[in-house]
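Side-chain atoms are counted along with the backbone in the values below, which use heavy atoms only and exclude waters and symmetry mates.
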Amino acid sequence: MKKATILIVIGIICITSMAKAGVPDYIISGEEVNYYEKVRYGVTASLVGINEDGRSRYQAQDIVSFRKDGRIYARMPVISNNKPTGRHSFMELKGYRNGLYVYKHEDYKGAGLPAEISYLVYNKSGEYVVTFTRQNEQSLKQFFWGPVETLAAK
C-alpha cells in the first residue's frame with residue numbers, strides 16, 4: 001500500500017511538472033490581440049506568430065505591442081537629444097509605476113559596432129517624459145524599482 005501511494009505521488013509530481021504554466025506570447029495589432037505558442041522574427045515579415053492553426057505574419061507598421069520569450073515590447077517614438085525624431089522603434093518594457101513606463105531602446109549604429117542603449121520614460125499615452133542620465137539615474141531607479149539595498153544584502 002505504501003509503495004502504491006508513493007508511486008501515485010511521484011506520478012502526480014511528474015504530470016504537474018510537464019504542464020505549461022505562464023502567459024503565452026502575443027501580438028497586438030490595432031485593436032486585436034492574438035495569442036501564440038511562439039513568436040519569432042521573420043525573414044519576409046517583421047514577426048511571425050506560430051500556433052496549432054499555422055503561422056500568422058505581421059509587418060512592423062501593423063504591430064502595436066508584442067510579447068516574445070517572456071519580454072514585452074512596444075512600438076514607441078524614438079527620442080534623440082530630448083526631442084522626437086519622427087521614427088518609431090520597438091522598445092523593451094523594463095518597469096512601470098504610477099502611469100509611467102521605462103523602456104530600453106537599443107540603437108544599432110552599424111555592423112560589428114555595439115548598440116547604443118538608453119532608458120526612456122514615457123507616460124500612459126506614449127508621450128516622452130525623461131531619459132535616464134547620470135544625474136537622475138539613482139532617483140529614477142529608486143522610484144521605479146525601490147531602494148537598492150535589501151535586507152539580504154546587508
Check whether any side-chain heavy atom of [X] lies under 4.5 Å from a side-chain heavy atom of [Y], and answer yes or no.
X	Y	answer
Arg40	Arg55	yes
Thr131	Val121	no
Ile50	Val39	no

Legend entry - Gap separating the CG atom of Asn34 from the CD1 atom of Ile27, nearest 0.5 angstrom: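 So the CG of Asn34 and the CD1 of Ile27 are separated by 7.5 Å.
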Inset, instruction - Any chance you could measure Arg57, atom CZ, to Leu47, atom CG, to the nearest 0.5 Å? - result: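 If we round to the nearest 0.5 Å, Arg57:CZ and Leu47:CG are 12.0 Å apart.
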All N/O donor-acceptor pairs, side-chain side in residues 86-105, below 3.5 Å, sequence neighbours left out:
residue : atom : partner : partner atom : Å
Glu92   : OE2  : Lys94   : NZ           : 3.3
Arg97   : NH1  : Phe143  : O            : 2.4

Inset, instruction - Would you sort out whether Ile117 and Tyr119 count as a side chain to side chain contact (heavy atoms under 4.5 Å, CB included), showing the intermediate values? - result: CA-CA 7 Å; Ile117 296 173; Tyr119 293 90; 3.9 Å; yes
Legend entry - Cluster overlap Phe132 with Val129, hydrophobic side-chain contacts below 4.5 Å: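 Yes, same cluster.
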Inset, instruction - Following the transitive rule for hydrophobic clusters with a side-chain heavy-atom cut-off under 4.5 Å over Ile, Leu, Val, Met, Phe, Trp and Tyr, establish whether Val48 and Val64 coincide in one cluster. - result: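 As far as the 4.5 Å side-chain criterion goes, Val64 and Val48 are not connected within one cluster.
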Legend entry - Lys/Arg-Asp/Glu bridge criterion (N-O < 4.0 Å) met for Asp25, Arg67: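 Yes.
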Which atom pairs, donor and acceptor, lie under 3.5 Å between side-chain atoms of residues 69-83 and protein residues at least two apart or in another chain?
residue : atom : partner : partner atom : Å
Arg75   : NH1  : Ala60   : O            : 3.1
Asn82   : OD1  : Tyr128  : OH           : 2.6

Inset, instruction - Output all residues satisfying side-chain hydrogen bond (donor to acceptor under 3.5 Å, both in side chains) with Glu31, sequence neighbours left out; order by chain, then residue number. - result: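 For Glu31 there are no side-chain hydrogen bond (donor to acceptor under 3.5 Å, both in side chains) partners, ignoring immediate neighbours.
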Legend entry - Partner residues of Asn136 under the side-chain hydrogen bond (donor to acceptor under 3.5 Å, both in side chains) criterion, sequence neighbours left out: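 For Asn136, the residues satisfying side-chain hydrogen bond (donor to acceptor under 3.5 Å, both in side chains) (neighbours in sequence not counted) are Thr133.
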Inset, instruction - Scan for ring pair (Phe, Tyr, Trp, His ring centres under 6.0 Å) pairs involving residues 27-59, sequence neighbours excluded, and state none if there are none. - result: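 Sorted result for residues 27-59: empty, none.
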Only distances under 3.5 Å count here; give the side-chain donor-acceptor pairs of residues 106-116 to other protein atoms, sequence neighbours excluded, each with its distance to 0.1 Å.
residue : atom : partner : partner atom : Å
Glu106  : OE1  : Tyr108  : OH           : 2.7
Asp107  : OD2  : Lys109  : NZ           : 3.0

